[in-house]
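The structure under discussion appears below in the form of C-alpha cells.
One-based numbering along the sequence shown.
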Amino acid sequence: MNTKPIPAIVMLTAGFAMCIISIVNGYSLSFLIRALFVVLICFYLLGWGIRLALDISFRKSKPAEDMTADDLGFAEGEIIMDEEMDESEN
C-alpha cells in the first residue's frame with residue numbers, strides 16, 4: 001500500500017479545519033498565521049507517525065501471493081490430490 005501521502009493529507013486537513021475555525025471565530029491574522037504554523041507542524045508529525053505504523057504493520061503481514069510451497073511445508077513439486085486426502089482420513 002502506498003502510504004507516502006498520508007502525512008500531507010492529515011496535515012492539510014487539520015490546517016483547513018483550523019482556518020475555518022479561525023475565520024468563524026474572528027481571530028486576528030497574526031494569531032492565525034502563528035497557530036496555523038504550529039498546527040501544521042504537529043499534524044505533520046502525527047501523520048508521519050501514522051504512516052510509520054501502517055508501514056510496519058503492512059511489512060509484518062505477508063500477502064498470500066508471496067507464499068511458496070516451502071512456506072506451507074510441502075516438498076518441491078509435491079501435489080496433494082483430493083483422493084489422497086480422503087484416503088488418509090480413513
Side-chain angles (χ1 to χ4, degrees):
M1 180 177 175
N2 184 14
T3 59
K4 188 175 181 178
I6 289 177
I9 292 171
V10 171
M11 177 184 71
L12 292 174
T13 304
F16 178 72
M18 193 258 159
C19 285
I20 297 298
I21 292 169
S22 295
I23 291 170
V24 168
N25 290 327
Y27 295 138
S28 68
L29 185 61
S30 63
F31 175 79
L32 172 72
I33 292 172
R34 285 183 276 138
L36 182 62
F37 180 73
V38 171
V39 165
L40 290 178
I41 296 298
C42 291
F43 277 89
Y44 178 78
L45 294 174
L46 178 69
W48 189 79
I50 292 170
R51 176 186 175 200
L52 185 64
L54 287 174
D55 285 342
I56 289 171
S57 68
F58 283 128
R59 195 176 316 138
K60 284 183 181 178
S61 64
K62 187 177 181 182
E65 299 112 27
D66 294 343
M67 295 186 92
T68 62
D70 293 332
D71 294 335
L72 298 173
F74 297 116
E76 189 170 325
E78 180 182 350
I79 298 174
I80 296 179
M81 304 298 283
D82 288 336
E83 298 97 27
E84 292 175 3
M85 289 176 57
D86 291 338
E87 291 173 7
S88 65
E89 290 177 1
N90 292 331

Supply the atom-to-atom distance Ile50 CD1 to Leu45 CG, rounded to the nearest 0.5 angstrom. 11.5 Å
Transitively linked via ILVMFWY side-chain contacts under 4.5 Å: Leu29 with Leu36? yes
So, applying side chain to side chain contact (heavy atoms under 4.5 Å, CB included) with Ile41, which one of Phe43, Phe37, Tyr44 is it? Phe37
Is it the case that one hydrophobic cluster holds both Leu40 and Ile33, taking links as side-chain heavy atoms less than 4.5 Å apart, direct or via other members? yes
Straight-line distance of Trp48 CH2 to Leu52 CG, nearest 0.5 Å: 5.0 Å
Quiz: residues 2-19 side-chain donor-acceptor pairs under 3.5 angstrom, not counting sequence neighbours:
residue: Asn2; atom: OD1; partner: Lys4; partner atom: N; Å: 3.3
residue: Thr3; atom: OG1; partner: Asp55; partner atom: OD1; Å: 2.6
residue: Thr3; atom: OG1; partner: Asp55; partner atom: OD2; Å: 3.4
residue: Thr13; atom: OG1; partner: Ile9; partner atom: O; Å: 2.7

